[in-house]
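All values below were derived from every heavy atom in this structure, side-chain atoms included, with hydrogens, water molecules and symmetry-related copies excluded. Naming: A, B, ... by sequence-line order, numbering from 1 per chain.
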Amino acid sequence: MISLEGIRFGYDAAHPVLTGLDFTVQPGERVALLGGNGAGKTTLLHVMVGLLLPQAGRVTAFGAERRKEADFHEVRARAGLLFQDPDDQLFCPTVGEDVAFGPLNLGRSRAEARALVTQTLARVGLAGFEGRITHKLSGGQKRLVTLAAVLAMEPELLLLDEPSNALDEAARERLLGILAGLPQAMVIISHDQDLVERLATRRVVLSNGRVENSDA
Amino acid sequence: MSVLYAEPTPLPEPKPSLVALLDPRSRVMGAVLFALAVVAAHGLAALGAALTVAVVLAFLARLAPVPTLKRLLALDGFMVVVLAMLPFTVPGSAMFDLFGLPASSEGARQAVAILLKANAVTLAMLALLGSMEVVALGHALGRLGVPERFVALFLFTTRYIAVLHQEYSRLRLAMRARAFRLHSSVHSWRAMGWLVGMLLVMSLERSERIHAAMRCRGFTGRFHLCDDSRAGWLDWGFGAAQAASLALMLVLDVS
């Protein structure tokens, strides 16, 4: 679905984060992306959807090479990125608007977007939350709303950046149950051992800016 | 799981107030027209009528009396010095002398007019706008034709002010946990300076992350507001009552 070859990236020249990294996600896979703090896991996800453009290397996504910002518009619609902090993602005043934001940007009509919102919220167990104010939600609810917001764009691939971070046990269980039931391929960054055990079909360890080992 | 789905405890108020039932747009329009009319009016009778209308609105919005009075008093306390000076600075026929300074009745009249205007407008704003959810106010402004960018800025501000405040409280708490106490010392001021600087850096970084998250969902510069509140008979009734009271003020003002 997305494949990276020889990716080099650094926020400044003295400290390269990714140093010639190769990585591929196949349909139906759930890849756990492991590695210490600062290993470049989040950077890798951002390179995959073109939020960061690599200094060297090639990004191929959904059958085409992607180089410029404009190339990535389609990639972002087909690969949904879930951010680490839900507050970064939930910027609309109400839950309904936030979930509808993606579909409306993709050119869906208001009626279609509304139907998608109802359907997606029901899918994550938040039916009837449309009118709720986003900043008044609990941490667990915010996480599920951000997931709904990504799912409403009907992506083929999910990129999850520490999805179970800072969730209590009940919220975490609920999230895991939902993720396990989704048909999409996934790349999951997580330090949550149990989540990795239960969801991942393959593990990839990142260290020194490249993939260290990968098991099936 | 139950924690996750627990609805917030419902407010003790059993029935929404009459003002809460109005379309937010009627409330914004009503407040703006009322303020313009009051500012334009001169006669004390008209201004008295305006204050009466504002008090009625406050009752209809079921404003809590004590906090509302406190707010009005805060406003009046702010103006009291200026108002007390007016009779002595405005020329006109003398009412009485204070330490040889004549107090003019024209000045006193102006002071009363300003007092009535300020209280009427503030009370009406509190009743019509203050009791509204900020988000509803943003939507109403958007649907009344206020430029999209302003509405977006307004809504972003209300959305992230709480997040910024949380960030501030977290940093402040961490400082207190390391025995920091605010004194008037170089160390204190430098630490507070760093705190403000760090908040600026954090908000800049957050804004970059938010923008990235928006781009991930196909943001191209257009905001879509989902709001289909409709004006009903209640709104027309409110509009008619509002028009009647403004007309009454006008008549009182002219006669």
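Among A:V75, A:D98, A:V49, the residue with the largest count of heavy-atom pairs under 4.5 Å with chain B is A:D98.
There is no contact between B:S207 and chain A, counting heavy-atom distances below 4.5 Å. With a 4.5 angstrom heavy-atom cutoff, A:L51 touches chain B via backbone and side-chain atoms both. Contacts between A:A149 and chain B at a heavy-atom distance below 4.5 Å involve backbone atoms as well as side-chain atoms. At a 4.5 Å heavy-atom cutoff, the contact between A:L90 and chain B is made by backbone and side-chain atoms alike. When heavy atoms are compared at a cutoff of 4.5 Å, A:E69 approaches chain B solely by way of its side chain, counted from C-beta outward.
For B:M29, the CE atom sits in a loose shell: 12 or fewer heavy atoms of surrounding residues, nucleotides or ligands are nearer than 6.0 Å. More than 12 non-hydrogen atoms from other residues, nucleotides or ligands lie less than 6.0 angstrom from CZ of B:R206. The 12-atom threshold is exceeded at CE of B:M79, counting heavy atoms of other residues, nucleotides or ligands nearer than 6.0 Å. For CZ of B:F150, the number of neighbouring non-hydrogen atoms (other residues, nucleotides, ligands) closer than 6.0 Å is 12 at most. Residue B:R172 places its CZ atom among more than 12 non-hydrogen atoms of other residues, nucleotides or ligands, all under 6.0 Å distant. Within a 6.0 Å radius of CZ in B:F78, other residues, nucleotides and ligands contribute 12 heavy atoms or fewer.
With rounding to the nearest 0.5 Å, the separation of CG in A:D88 from CE in B:M214 is 12.0 Å. From B:R217, atom CZ reaches atom CG of A:L104 across 10.5 Å, with rounding to the nearest 0.5 Å. In this structure, the separation between NE2 on A:H46 and SG on B:C216 is 7.0 Å, given to the nearest 0.5 Å. Summarising the geometry, atom CZ belonging to A:F72 is positioned 10.5 Å from atom CZ belonging to B:R215; distances are rounded to the nearest 0.5 Å.
One finds no salt bridge joining B:R209 and A:D87 here, because no Lys/Arg side-chain nitrogen approaches an Asp/Glu carboxylate oxygen to under 4.0 Å.
When all heavy atoms are compared, the tightest approach of B:G218 to A:M153 is N-CE, 4.4 Å.
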